[in-house]
Engineer: 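Supplied in structure tokens, the structure appears directly below.
Atoms within each ligand, like the ligands themselves, are counted from 1 in listed order.
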Amino acid sequence: MKSFTLNLQTRIIFGRGCLSRLGGEAASLGDRCLLVTGRSFARESGYLKTLVEILSESGLKVTVFDKVEPNPSIGTVYKGAEEGSKNNCNLVVALGGGSAMDAAKGVAFLLKSNSKLEENLFPNEVNDALPLIAIPTTCGTGSEVTKYAVLTLVKNHAKRKVVLLGNPLLPKVSILDANLLNHLPKELVAYTGFDALSHALEAYTSKDSTPFSDLLGLEAVRIILENIIEAFRGSPEARENMLYASMLAGMAINFAGTEIVHAMGYYLTNYHNVHHGLANGMLLPHVLRMEIQKGFGKLEDAALRLGLVNGMELVKKIEELVDRVGIPRSLKDLGLEEDELDAMVADALSYERNVNKHPLPLTAEDLKMLFTTAFSGRRFQA
Ligand code: ZN
């Protein structure tokens, strides 16, 4: 059996209504808190007000930074850190999806370090950060249990996804309260759900997978396949199950990372504003199909363990779910042009940290084939 090191340092509090425990948890970690969130959801849903009240009642001084955009830039992280530093904050609380949580991790690092973000990006590892409490409001990224912050670096009009990584970025506490998902639009349930499914399956196929990450990944896949449609339709129970599954999938990538679905999807997000989870949902079936066609036995095994006949049935099942939530059938439908295909391949290959985790030999031609098929669309009809 492959050897591995297991470090689960996040206290996970899961359950409907558990947001009320935020005050006590926060007070044990600091007394001046920077609350990091996005630009609209937290305020419009009323949760921003609720959180400020809970934290204030527990004796914390609260500073709000509510300027995190989707796919947050490094510049936003610096702005958040400036706000935190001005107010002498010693604790960061993140409320939101992956964007808010990842930006908050960057802020927590900057508030504890004298160096620049740019100098500490992967392959470097950060060695310190302020304590962070993460409260997810989507059922996808799993960032509440990972040591990663994925940020966007803009340089000479080129956009790149960069990663800040290190155990100090693991939230000290994660509060998973499914009541917060009641407000989530159904498209975001689907998109973030397919992000979680990608995490689960990519962690499972990753070269860095371990028996423990396989356990987490496969269970997440099982739950997502069973719940994503009902969650999309609005079932609170199914949404709670998805929140649990996305946490498991986040733990799986914390150990095993993601592979080429993520590497390929970054181009769509960076240059066509495609939601990260939507990009993954569109590409995942193509990558799995190729892995199965190349005879990757581990996926066949996964299918059997999920009660399916074979690996191709798993691909078809995922394609059926993608279609049922109305995800577009081709990259062409998203407005991409055929003359971008080579740029897409080059961009995907540049994400070595992901490409290197692909479990099989991989060529530029393989990626071109995957993008070309995704561009023209699937033949499969639901
Ligand atoms: Zn992702």
Engineer: Output yes when Glu320 and Arg324 qualify as a salt bridge under the 4.0 Å nitrogen-oxygen rule, no when they do not.
Structural biologist: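 Yes, charged N to carboxylate O under 4.0 Å.
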Engineer: When you measure from the Zn ion (ligand 1) to each N, O or S atom of Asp195, which atom gives the shortest distance?
Structural biologist: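 Of all N, O or S atoms in Asp195, the Zn ion (ligand 1) lies closest to OD1.
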Engineer: When you compare the side chain of Val145 with that of Asn254, does any pair of heavy atoms fall below 4.5 Å?
Structural biologist: no
Engineer: With sequence neighbours left out, write down each residue that passes side-chain hydrogen bond (donor to acceptor under 3.5 Å, both in side chains) with Tyr271, or none if nothing qualifies.
Structural biologist: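 Result, side-chain hydrogen bond (donor to acceptor under 3.5 Å, both in side chains) vs Tyr271: none returned.
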Engineer: Rounded to 10°, how big is the angle at the Zn ion (ligand 1) from His262 NE2 to His199 NE2?
Structural biologist: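 Rounded to 10°, it measures 90°.
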Engineer: Given Glu259, which of Lys207, His358, Lys357 fulfils the side chain to side chain donor-acceptor pair (under 3.5 Å) condition?
Structural biologist: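 Only one option passes, and that is His358.
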Engineer: Among the N, O or S atoms that His276 has, which is closest to the Zn ion (ligand 1)?
Structural biologist: NE2
